[in-house]
Amino acid sequence: MRSLNFSISKKSSLPPSISPAFAGRSRMRATTSVRQSPPPSRSGSGSCPTVSPATSQSRDILRLLEKHNIHDIDVAYHPITTALSLPISGLKTPYMQGTLGFFFHVGEELYGVTARHVLFPDEEGNKSYSYVAGPRKKVVLMGDKAFADFLASTQARIAILKNTVTVLGKQVAMYTKMAQVGNQQAVNDLATTEADLNKRKAAIEELKT
């Protein structure tokens, strides 16, 4: 299933001026959380301060939120493989697609930011939106094109694995015959090849689910 139960949260306190953002409920919680750090110290006379990308991005995010009177926010960095550029689309508009930007927490709520045009067609105009005043905007992972591309890449991967399984199967048959006549090296190669064969078969089944 490619559906993700993201929705506009009626608890959102985001002002209308940044209505392109949508809120998504999630049970994920940040494993680490850092607040904006103080300016980096200079290592010596005339030297430039060293600022990590995470620190720089944190400050940009905090400055953006402060412009809209949103304070006391933690910027969290934790391992999510698709934390940025997660492909999304509106449930009713799968032909329109885009990506999530950054995530942030407000209490127990996890929010994701995306461009307004990803979820709101042009004909709806650039109007302020809130879940309290408007219908829920349901969101799915991947629009039509992104899903078609993902499906094609998965099918291609399965085809490659099937070819490998065929080759490994022939090797297993050959090593089996050699092992039966007492070839010790073939016994070792048979065990290794069978393990590899089973691993590839398992990968195919996993891709199919």
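Rounded to the nearest 0.5 Å, atoms CG (Asn163) and CD1 (Ile158) are 12.0 Å apart. Distance check, rounded to the nearest 0.5 Å: CD of Glu205 to CG of Leu161 gives 11.0 Å. Between atom NZ of residue Lys201 and atom NZ of residue Lys162 there is a gap of 12.5 Å, rounded to the nearest 0.5 Å. Between atom CD1 of residue Ile88 and atom OG1 of residue Thr99 there is a gap of 7.0 Å, rounded to the nearest 0.5 Å. For the atom pair CG (Leu190) and CD (Gln180), the distance works out to 9.5 Å, reported to the nearest 0.5 Å. Atom CD1 of Ile204 sits about 12.5 Å away from atom OG1 of Thr209, to the nearest 0.5 Å.
Between the side chain of Arg116 and the backbone N or O of Lys127 there is at least one donor-acceptor pair closer than 3.5 Å. Under the 3.5 Å distance criterion, the side-chain polar atoms of Ser153 are matched with a main-chain donor or acceptor of Phe150. Between the side chain of Ser89 and the backbone N or O of Met96, at least one donor-acceptor pair lies under 3.5 Å. Side-chain atoms of Asn198 come within 3.5 Å of backbone atoms of Glu194 as a donor-acceptor pair (strictly under, hydrogens ignored).
Leu64 and Val113 fall within a single hydrophobic cluster, where Ile, Leu, Val, Met, Phe, Trp and Tyr side chains are chained together by heavy-atom contacts under 4.5 Å. Cluster annotation: Leu197 is connected to Leu207 through the hydrophobic network of ILVMFWY side chains, with a link wherever side-chain heavy atoms come within less than 4.5 Å. There is no path of hydrophobic side-chain contacts, each under 4.5 Å, that joins Leu151 to Ile160.
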Discussion item. What verdict does the side-chain contact (heavy atoms from CB on, under 4.5 Å) test give for Lys170 and Met174, after you've listed the backbone C-alpha separation in whole Å, the side-chain angles of each residue and the deciding distance to 0.1 Å?
Written reply: CA-CA 6 Å; Lys170 292 178 179 179; Met174 178 185 67; over 6 Å; no
Worksheet item: Asp60 and Arg63: salt bridge (Lys or Arg N to Asp or Glu O under 4.0 Å), yes or no, with the steps?
Response: CA-CA 5 Å; Asp60 290 342; Arg63 278 194 290 266; 2.7 Å; yes
Worksheet item: Step by step, would you call Thr114 with Val139 a side-chain contact (heavy atoms from CB on, under 4.5 Å)?
Response: CA-CA 11 Å; Thr114 189; Val139 179; over 6 Å; no
Item to complete: Evaluate the criterion side-chain contact (heavy atoms from CB on, under 4.5 Å) for residue pair Leu119 and Thr93; output intermediate values, then yes/no.
Response: CA-CA 8 Å; Leu119 300 177; Thr93 54; 5.8 Å; no
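Between Glu124 and Lys137 a salt bridge is recorded (basic side-chain N to carboxylate O distance below 4.0 Å).
For Lys177, there are no salt bridge (charged side-chain N to carboxylate O under 4.0 Å, His left out) partners at least two apart in sequence or on another chain.
Minimum heavy-atom separation, Ala186 to Asn183: N-OD1, 3.0 Å.
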